Amino acid sequence: MKTLIDTEFTVFPVSEKTNIILPFTVSEEATELVIDYSYSPKTLADNEKAERLIRENLLRDAGDSIGEYTDSGKFMPLKNLITLSLDSPSGYRGAAHRQDSEQHHVIRRNFASVGFLKGEIEKGQWQLVLNVHAVVTDEVKCKVRVHAGGVLK
Amino acid sequence: MKKWYPCELHCHTLHSDGGFTVEELMKAAEERELCGICLTDHNTTSGWDETEQFSSPKVLRGIEWTTYHGHMLVLGSKAYVDWRDAVPVNIDEKTAEVKKHGGLIGVAHPFQLGTPICTGGHWDFEVKNWDNIDYMEIFSEGSAFLNTANKKARRLWHSLLSEGNRIAPTMGRDWHRTRANTFISACTYLLCDEEFSDTAMKNAIENGRTVVSAGPLFFFETERGDTVGDTIESGDHTLHFTVDLKRHEKIDGGRRITPEKILIVSGSGETEYPLTSDISLKTEKNSWYSAELWGSVDGEENMLLALTAPIYTK
Ligand SMILES: [Zn+2]
Ligand SMILES: [Zn+2]
């Protein structure tokens with residue numbers, strides 16, 4: 001196992017709707033990439049802030065039918081959503097677009113965790129991309145580890 | 001031979017945030033007598049290969065660009081185009097790139113609420129070149145009736161048609177899991193005149209041969225056999241209508257659909273007709289004519305049951 005990324009950082013609301021790129025280089029022969037990723041918190045506990053964000057959302061998107069959305073409770077709790085996508089030297093290798101805030105993925109020549117594309121662990125420049133869809137809390141702590149590994153049995 | 005095929009054009013699996021395995025999705029589609037589906041997982045194509053082991057339904061390979069500013073469906077593109085740098089002001093360049101690779105482009109649920117309620121779900125792209133957009137979801141998220149969002153989508157679609165754009169209407173169930181919803185037979189019907197396949201599905205959408213439906217198959221032909229998606233001479237025409245409830249009754253018999261009237265919608269307004277097999281229509285130049293079937297569902301009156309893509313006039 002060789003560690004390619006091992007980092008923790010904080011994402012703020014100003015990064016909403018942007019991509020955070022974590023480049024890494026695969027320089028040796030590898031049979032698999034292992035990605036461990038988590039972020040926290042997942043949900044917004046502050047109900048007052050949630051009401052405000054929902055109100056802003058409705059004012060922006062509901063138009064003349066805003067009066068129909070009387071129950072903001074059905075949109076709660078609001079969630080942070082930061083998904084992963086992956087690029088190898090030869091191109092896009094898929095994404096894990098789902099709500100889970102703790103994820104474990106493996107990519108090999110003939111296998112990949114759901115959402116990702118199996119294939120060679122090519123030597124060269126890769127990137128793991130955090131797709132920041134929504135940041136509803138004041139900050140989100142992210143942890144990312146990427147390993148290149150091992151001989152397949 | 002020309003034939004209408006029930007299809008579901010918007011599906012998710014475990015490869016993104018769906019509850020279905022690919023196999024479960026294929027089975028569910030078969031149960032609903034769907035001849036074709038589009039696998040459109042969020043931002044990934046990783047489910048495509050798994051569909052190959054099934055001979056039916058046919059699968060048109062797609063992806064739902066789940067961007068920060070709108071959800072855009074891309075079908076049958078020969079190359080991957082990156083969704084991550086799509087922003088409101090560059091969308092025409094992004095759609096042009098997809099078109100270059102032969103992909104079809106559809107607007108998904110344009111009036112869904114956006115971030116943070118449904119991230120990126122509201123269509124905020126500043127499209128200037130609607131030529132690149134092939135279709136738009138008029139019924140979405142399994143709501144096969146004119147709820148608020150669908151009503152707005154229908155209105156937007158009509159105004160785009162009146163500006164001279166040719167956009168096919170579709171139903172997108174945004175199918176994530178099997179659940180006992182009340183719109184089992186709702187689908188998009190596609191008209192194909194070749195052997196049914198993913199390519200035939202793609203051609204039908206590209207040529208505007210679509211019918212959005214809460215269940216019934218509903219379409220019309222002119223006296224010369226021209227139909228939805230076609231371009232005809234302006235002037236007097238007789239439209240011959242077909243309403244077919246067989247598939248609906250077979251798989252969704254518990255829901256009572258009663259067609260009651262036909263509405264012809266065009267650039268110059270709406271005209272209502274009693275349910276009949278033939279309608280004489282005086283058409284104008286450079287216009288569009290979409291037919292709608294209205295009726296009752298389980299006793300609830302005034303429901304839109306189906307709408308056709310337009311027939312266009314020269
Ligand atoms: Zn969507
Ligand atoms: Zn979707």
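From a predicted model like this one, the values you see are computed outputs, not experimental measurements. Values reported hereafter were calculated over all heavy atoms of this structure, with side chains retained and with hydrogens, waters and symmetry mates removed. Just so it is clear: chains get the letters A, B, ... in the order the sequence lines come, proteins before strands, and each one is counted from 1.
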Task: Polar side-chain atom of A:R93 near backbone of A:L86 as donor-acceptor pair, under 3.5 Å - done: no
- [ ] Against chain B, label A:S113 side chain, backbone, both or neither, depending on which of its atoms sit under 4.5 Å from a heavy atom there.
- [x] neither
Open item on the list: Please classify the contact of A:V132 with chain B as side chain, backbone, both or neither, using a heavy-atom distance under 4.5 Å.
Closed with: backbone
Open item on the list: So for B:N43, is it side chain, backbone, both, or neither that comes closer than 4.5 Å to the heavy atoms of chain A?
Closed with: both
Task: chain B contact via A:E68 - side chain, backbone, both or neither, heavy atoms under 4.5 Å - done: side chain
Open item on the list: At a 4.5 Å cut-off on heavy atoms, which part of A:F75 comes close to chain B: side chain, backbone, both, or neither?
Closed with: side chain
Open item on the list: Quick check on B:H122 against chain A: is it the side chain, the backbone, both or neither that has a heavy atom closer than 4.5 Å?
Closed with: side chain
Open item on the list: Taking side chain as everything from C-beta outward and backbone as N, CA, C, O, which of these in B:W83 sits under 4.5 Å from a heavy atom of chain A? Side chain, backbone, both or neither.
Closed with: side chain
- [ ] Could you tell me whether the side chain of B:T67 and the main chain of B:A86 form a donor-acceptor pair under 3.5 Å?
- [x] no
- [ ] Check whether B:H12 gets within reach of chain A through its side chain, its backbone, both or neither, counting any heavy atom under 4.5 Å.
- [x] neither
Task: Largest heavy-atom contact set with chain B, pairs under 4.5 Å, which of A:R98, A:H97, A:K118 - done: A:H97
TODO: Would you mind reporting whether B:W65 and B:V98 have side-chain heavy atoms less than 4.5 Å apart?
DONE: yes
TODO: Could you look at A:A96 and say if it's the side chain, the backbone, both or neither that has a heavy atom under 4.5 Å from chain B?
DONE: neither
Open item on the list: Given heavy-atom pairs under 4.5 angstrom as the criterion, report whether the side chain, backbone, both or neither of A:E16 touches chain B.
Closed with: side chain
Task: Heavy-atom pair with the smallest gap, counting every atom of B:G19 and B:E24 - done: O-OE1, 3.7 Å
Task: Pick from B:D85, B:T119, B:L113, B:D49 with the largest number of heavy-atom pairs that fall under 4.5 Å of chain A - done: B:L113
Task: A:E8 with A:K141: basic N within carboxylate O range, under 4.0 Å - done: no
Task: Test item: B:W157 and B:L307 side chains (from C-beta on) under 4.5 Å apart, heavy atoms - done: yes
Open item on the list: I need the residue from B:R84, B:H69, B:H42 with the largest number of non-hydrogen atom pairs under 4.5 Å to chain A.
Closed with: B:R84
Open item on the list: Does B:E300 have more than 12 heavy atoms from other residues, nucleotides or ligands lying within 6.0 Å of its CD?
Closed with: no
Open item on the list: Before we go on, tell me: are the rings of A:H133 and B:Y68 under 6.0 Å apart, centre to centre?
Closed with: yes
- [ ] Could you have a look at A:V114, A:D61, A:N80, A:D87 and say which one has the most heavy-atom pairs with chain B under 4.5 angstrom?
- [x] A:D61
Task: Part of B:S46 within contact of chain A (heavy atom distance under 4.5 Å) - done: both
Open item on the list: Please classify the contact between B:K152 and chain A as side chain, backbone, both or neither, with a heavy-atom cut-off of under 4.5 Å.
Closed with: side chain
